[in-house]
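To find a chain, count down the sequence lines: A is the first, B the second, and so on, and within it residues start at 1.
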Amino acid sequence: MTNTHAQEHSGEVGHVVPMGILVGVWLALMVLTYVTVVATKIDLGELNLWLAMLIAVIKASLVVLYFMHLRYDKPLNSLVFVGGLVFVALFLGIALTDSAEYQPDVIHQEALESLPTSNT
Amino acid sequence: MAIDEFAESMSLASAPSPSASFWLPPQGSTVAQGVDSVFYYIFWISLFFFALIVVLMVWFVFRYRRRPGHEAQQTATHSIGLELTWTIIPVIIVCTMFYKGFASFMDMAVPPANAYEIEVVGQKWSWNFIYPNGYIDSELHVPVDRDILLTMSSEDVIHSFFIPAFRVKKDVVPGRFTKLWFRATNPGEFLVFCTEYCGTQHSDMTTTCYVHPVGEFEKWLAKASNFLDQMTPAEGGKLLYQRRGCTQCHSVDGISGIGPSFKNLFGKSHLMTDGSTVTVDENYIRESILNPQKLIVAGYEAVMPTYAGRLTDREISAIIAYIKSITEGYSGDESVPEESSAPANEEAVGDKPGANANEGRQTNDE
Amino acid sequence: MTTISSSYDPVPELAHGNNYLTHTRGVLSWLFTLDHKRIGVMYLVGILGSFFLGGVFAVLVRTELLFQGEQVLTDDQYNQMFTLHGAVMTFLVIIPGIPAALGNFVLPIMLGAKDVAFPRLNLASFYLWTLGAIFFLAVLASGGLDTGWTFYTPYSIETNTAVIGATAGAFILGFSSILTGMNFIVSIHQLRPPGMTWFKMPLFLWALYATAIIQVLATPVLAITLLLLIAERTFQVGIFDPKLGGDPVLYQHFFWFYSHPAVYIMILPAMGVISELVSVFSRKHIFGYRFIAYSSIAIALFGFLVWGHHMFTSGQSNMMNMIFSALTFSVSIPSAIKVFNWLATMYKGSISLATPMCYALIFIFLFGIGGLTGLFLTTLATDIQLHDTYFVVAHFHYVMMGGTMIAFFGALHYWWPKMTGRMYSEMWGRLAAFLVFVGFNTTFFPQFVAGSQGMPRRYADYKEMYAGYHFVSSIGSYIMAVAFVIMACYLLHSLFRGRKAPANPWGANTLEWHCSSPPPHQNFDEQPAVGDCYDYSGLEYDTATDSYVPKSRTAVTT
Amino acid sequence: MAEETLTTAQSHGHGHGEHPPHLAHHFESPGQQFDACKFGMWIFLCTEVLMFSGLFCAYAVYRANHPEIFLYAHKYLDTNLGAINTAVLICSSFTMAWAVRAAQKGQQGLLIGLLALTLLGGFGFLGIKYIEYEHKFHKGLLPGAQYNPTVTPGDHGNGDKHAEMGDHELITSEHDAGNAHTAPPGAAPARHDEEPAVAPTGVKPTEQTGLEKTTLPQAAPPPAGRSMEHDHAHEHGMTGRPNNVHLFFGIYFAMTGLHGIHVLAGMAFIAWVLKRSIAGEFGPEYFTPVDLVGLYWHLVDLIWIFLFPLLYLIH
């Protein structure tokens with residue numbers, strides 16, 4: 001991901017993404033959106049969630065690498081972005097583990113909608 | 001009656017038992033010994049390192065104080081050996097601390113199988129202990145040398161059940177159960193605190209845990225749970241009024257709090273929020289205990305929790321009798337027991353001043 | 001590129017009245033300044049004001065607890081006082097404290113730069129801080145806050161005090177913190193002068209860099225937590241409200257994911273200051289530079305793994321209790337490394353007991369107790385007994401007040417000549433430092449014992465057995481209050497009648513001492529030379545000007 | 001709050017530089033300034049990601065522990081509208097990336113056109129969001145206490161026969177809820193959690209108004225008797241609807257509401273950059289604001305890319 005052609009001269013500072021890549025990424029995103037919507041029709045049980053997440057991650061990385069040209073940028077910027085994701089994963093992971101662990105102790109009240117009549 | 005007998009059988013001197021130390025209260029449960037050993041293990045290590053740091057610092061400040069003729073010598077500016085030593089040694093020490101704490105926590109965390117279960121319900125500023133036979137008391141009575149499992153839940157906000165002498169503490173969270181177990185080793189009275197901030201009277205939400213000697217507990221429980229038999233319904237009603245949280249909102253001296261006052265209530269007619277007027281009679285009181293949201297006296301909010309399933313019919317009629325008893329000029333069928341008729345009895349009914357702090361305290365007007 | 005002067009050039013004397021204070025006149029020139037030095041001074045005034053306000057609440061709390069029963073406050077008022085003391089001190093004083101007030105002033109000059117990377121954003125951070133402070137004052141006026149600074153649900157959902165105002169205030173202060181952090185990270189990455197590699201940077205900048213990482217990564221989670229709490233109160237969303245199926249323990253995870261790293265936002269800059277003070281006042285090169293630098297980063301990263309030790313008794317699962325207890329020990333190691341390295345720096349030095357060094361020594365003493373008592377709270381068995389008791393109150397006051405605020409006052413005295421161009425009176429400085437030390441220990445050491453004996457936290461009244469501890473503690477708090485009043489007096493006095501400060505009164509070698517006191521508007525005319533900032537051999541004490549000047553050129557041994 | 005401070009982040013770029021026009025006095029070269037801006041922007045994007053992580057965490061925790069709520073409630077959402085919205089955002093993200101390229105190549109006309117197109121995409125997205133919110137407000141599918149559904153799942157707002165009854169239902173439920181400050185249904189859908197600075201003062205929601213108080217299990221049966229395990233049978237209330245379904249809508253409105261606010265903020269920045277590009281300020285040597293606003297817009301699209309499957313495509 002090195003910045004291939006250095007732009008130190010005071011003119012162009014950023015990297016220009018070729019038009020072909022832009023349109024290509026756009027089409028890929030539209031197709032992937034269609035795919036993820038269609039994918040819910042097939043019942044894969046638990047896998048559906050992970051498939052949807054996989055497609056979302058692919059779309060997201062396309063946007064980040066090409067539309068946000070992280071691929072042509074200084075590696076420091078991608079370090080910041082990926083670093084943030086690591087902490088997001090840490091937060092979600094521990095919150096999920098803990099809430100799953102103490103879930104048996106949670107009391108399930110009656111449904112909110114059906115107000116119980118007084119039951120002496 | 002319970003407290004007198006309890007005091008006699010105990011002949012307890014109030015001096016803390018020998019196992020109390022400068023840092024920690026007397027040891028009242030099986031895990032206390034383990035916790036204290038971990039505490040003092042960490043204490044002595046910390047004291048050693050703290051003394052090391054302070055002595056070195058003071059010595060350096062004095063020995064190398066800035067004075068004419070004394071120049072700072074350029075020593076090495078880093079040494080891997082030194083750095084590694086004061087990294088690895090603390091890591092080892094800290095691992096031992098973790099293990100000792102973890103081992104002692106394991107005994108605390110896993111309740112033994114056939115423990116004696118008591119259910120605890122925390123609510124804004126008082127505790128309710130529900131014994132296996134359904135008797136509800138605002139103080140915790142347990143037999144000595146028996147595993148006790150408390151299954152705790154809260155009615156409103158987060159509270160925390162803490163007995164310093166037993167070294168046990170667990171939050172009481174609304175919407176779920178939390179468990180805490182202990183095994184009291186010596187009979188006596190132990191303070192119980194609420195240690196999670198829960199509002200105005202958080203500091204008054206204390207009660208007492210009475211540890212009965214062998215054989216005494218069953219006798220106490222039997223006597224306490226059918227207290228209605230030993231007293232007139234009005235007195236039983238008064239005890240329920242004090243114990244079951246009515247005091248938080250309903251006063252008995254005529255001043256209206258969150259709820260209307262019970263004084264001179266019986267037979268009066270009140271304007272309701274929905275415009276109708278209702279005379280206060282048996283089934284109105286019974287109805288507003290079981291389904292309080294239906295009829296609300298004008299000028300009050302509908303905040304009363306339902307007591308359905310938490311008061312037996314006999315207890316409700318006792319409360320009704322009590323309300324009648326504090327209505328002047330009510331020549332109902334029961335004889336109105338004057339205040340002075342059975343003070344001893346009155347006294348014995350667990351109204352130990354101070355121990356049950358919420359009994360006397362009226363919530364000031366919100 | 002600009003010419004680089006040799007590192008021991010005499011400091012260019014400024015034509016009288018051409019420093020950053022007198023560069024432009026008038027209130028507007030201050031309110032709309034982009035100069036990091038003026039923004040730092042404005043922050044300093046705001047933070048010291050908030051510290052005074054928080055102190056008033058603290059004295060009220062201690063006066064109420066002087067004796068059993070009700071003295072000056074009802075239960076409700078007491079609950080509001082300790083809540084406001086906590087909220088003002090954490091959000092308004094100690095989180096922005098060293099980074100925003102002193103960091104803003106010193107960081108660009110230490111980098112030899114003209115300003116931080118985003119000056120406008122820096123001013124925006126200050127106004128966000130001011131807006132947050134206004135929200136807190138509005139809360140104070142409109143009925144206070146009685147939830148504790150932690151806003152635990154469901155109590156914070158059902159109480160009728162101004163929770164929304166306070167959470168909105170904290171939300172805005174969070175952004176001020178994020179933007180300051182971002183500013184510092186970009187400045188340290190982009191604005192380092194040629195020759196100042198990462199390991200030639202002063203350790204104070206390493207500490208600010210580590211702090212900025214936490215500010216940027218942790219504060220957003222506080223933002224969403226407070227937003228959800230506001231949503232709970234206005235629209236009863238039910239995510240944290242057990243009556244609607246929500247989970248209050250999940251709120252605690254959300255809250256502490258920010259609030260534990262926040263305590264490292266508080267302590268890391270203080271450690272950075274101590275590294276500077278100990279080295280300068282012992283005339284010794286800092287010992288173990290890389291280990292101190294790496295330990296700052298280590299504390300910042302480990303700080304994110306350990307928040308669960310606030311929840312050992314909250315109903316958190318036993319498995320997570322054990323994992324968090326083990327992980328929390330990892331944070332104590334870098335702190336220990338720092339303390340040992342400071343001691344090694346003092347070894348064979350020439351230690352002067354100027355006021356900043358007095359505060360550095362007090363820091364090592366108090367932070368020693370604070371850090372070691374943390375071990376009791378990390379170990380599972382003892383935390384069950386000690387959690388939510390006065391032991392915890394004493395622990396975090398030893399680390400926050402005894403650690404961060406003592407270092408803040410040390411840094412304030414250290415950079416006072418540079419910021420104001422005036423010297424303060426050493427005698428009064430040392431007296432106030434001693435009084436703070438005595439008052440602090442009298443206040444908080446008894447609380448350790450009360451706490452381990454079972455005295456719960458946030459109690460408006462207490463049982464007979466704890467009366468002695470509370471009495472001594474309240475007396476101690478009055479001694480500390482007196483000490484701070486003395487400090488305020490002699491610092492204000494020095495503003496007007498203090499001796500004129502020389503460029504380098506302490507003989508330090510970081511770049512801010514290479515420009516005049518107070519520094520010119522643009523800090524440096526040309527890029528200053530970057531040497532080893534802990535090498536004091538090139539400076540000698542000049543009795544005439546009572547300051548350190550570069551050794552005469554012939555004797556310079558490079 | 002962060003939004004307008006962001007503008008200062010971009011505007012700092014073009015101070016009154018001596019040599020190149022848009023160089024701030026404290027930067028050495030335009031390259032250094034550009035890198036600093038990009039680096040600062042990425043740090044800001046990182047804070048946005050972490051802010052939304054709180055909502056994703058709430059979603060994950062409640063979906064993991066109450067899957068039946070999500071399975072039941074997501075049927076209320078209209079997947080087609082969601083998919084169209086995703087397409088709209090992807091297209092506006094594309095036009096934004098193209099606009100940045102146009103700025104870099106100095107094609108002024110194209111830049112202005114593309115920015116306008118991106119802005120249009122933003123309006124389109126919010127329009128569709130408005131339709132969805134309108135349907136939910138109308139049908140009482142609101143978070144927390146106001147949840148009073150008048151429509152069975154799968155009936156995507158075209159069940160007109162429910163319309164009139166729905167209003168009546170809603171009014172009563174509104175009355176029961178008794179908290180005056182909830183936006184009356186039918187009014188402009190109050191953005192779920194608009195900027196807190198304007199939030200109403202802390203009116204205490206009365207505790208028991210129509211809410212089912214936490215009914216403690218019967219005291220009589222000894223505690224051991226009560227089943228502790230997570231019995232699914234208990235989950236479903238009388239009407240086959242799992243209890244606490246309002247949690248889904250609480251999380252739905254929190255996520256899409258906060259995302260909506262960020263779309264609005266993004267559109268404000270694009271409009272501001274559009275105005276400056278019409279004035280011809282941007283060209284190959286200075287286009288930082290366009291680039292930074294483009295990064296922000298792509299992030300907003302990025303978050304929607306994850307929101308869409310999580311909320312609409314639950315299986």
Side-chain angles (χ1 to χ4, degrees), chain A residues 1-3 6-15 49 56 60 63-64 68-119, chain C residues 178 181-182 185-186 188-190 212-214 216-222 224-225 236 238-258 260-261 297 300-312 314-324 327:
Chain A
M1 293 228 279
T2 55
N3 191 341
Q7 277 95 14
E8 278 326 310
H9 51 79
S10 75
E12 232 166 301
V13 275
H15 168 269
L49 169 67
V63 168
V64 163
M68 300 166 96
H69 25 80
L70 199 57
R71 185 158 178 277
Y72 314 104
D73 242 348
K74 284 192 181 292
L76 193 61
N77 294 342
S78 15
L79 178 71
V80 164
F81 189 69
V82 171
L85 294 181
V86 165
F87 286 94
V88 168
L90 171 80
F91 178 35
L92 261 69
I94 288 185
L96 271 171
T97 331
D98 191 38
S99 64
E101 280 288 313
Y102 62 68
Q103 210 50 41
D105 287 339
V106 176
I107 310 171
H108 298 281
Q109 324 108 313
E110 280 66 29
L112 179 66
E113 297 73 27
S114 53
L115 293 176
T117 54
S118 73
N119 39 23
Chain C
I178 289 175
M182 183 172 93
I185 290 179
V186 176
I188 289 176
H189 269 276
Q190 300 289 339
I213 289 175
I214 307 176
V216 161
L217 288 176
T219 320
V221 178
L222 174 76
I224 190 64
T225 310
Q236 290 98 45
I239 293 180
F240 298 132
D241 186 356
K243 290 194 189 55
L244 298 166
D247 180 0
V249 179
L250 183 63
Y251 172 85
Q252 294 178 28
H253 275 298
F254 269 61
F255 180 79
W256 288 112
F257 181 82
Y258 162 72
H260 189 77
I297 302 297
L301 297 180
F302 292 157
F304 278 93
L305 308 174
V306 299
W307 76 82
H309 59 242
H310 295 276
M311 298 162 61
F312 281 157
S314 73
Q316 183 174 249
S317 60
N318 288 335
M319 184 180 83
M320 287 320 294
N321 277 354
M322 286 176 255
I323 292 173
F324 275 125
L327 286 174

Residue C/Phe304 versus chain A: region with a heavy atom under 4.5 Å: both
Need one label for C/Val216: side chain, backbone, both or neither, based on atoms under 4.5 Å from any heavy atom in chain A. neither
Output the distance between atom CG (C/Asn321) and atom CG (A/Asp98), rounded to the nearest 0.5 Å. 8.0 Å
Do the non-hydrogen side-chain atoms of A/Ile94 and C/Phe257 ever get within less than 4.5 Å of each other? no
Within the structure provided, determine whether C/Asn318 and A/Tyr102 are in side-chain contact (heavy-atom separation under 4.5 Å). no
Of the non-hydrogen atoms in C/Leu217 and A/Gly84, which two are nearest, and what is the gap between them? CD2-CA, 4.2 Å
Bottom line for C/Phe254: the part with an atom under 4.5 Å from chain A's heavy atoms is both
In chain order, what residues pass the side-chain hydrogen bond (donor to acceptor under 3.5 Å, both in side chains) check against C/His189, with sequence neighbours excluded? C/Tyr209
Pick from A/Val88, A/Thr97, A/Leu90 with the largest number of heavy-atom pairs that fall under 4.5 Å of chain C: A/Leu90
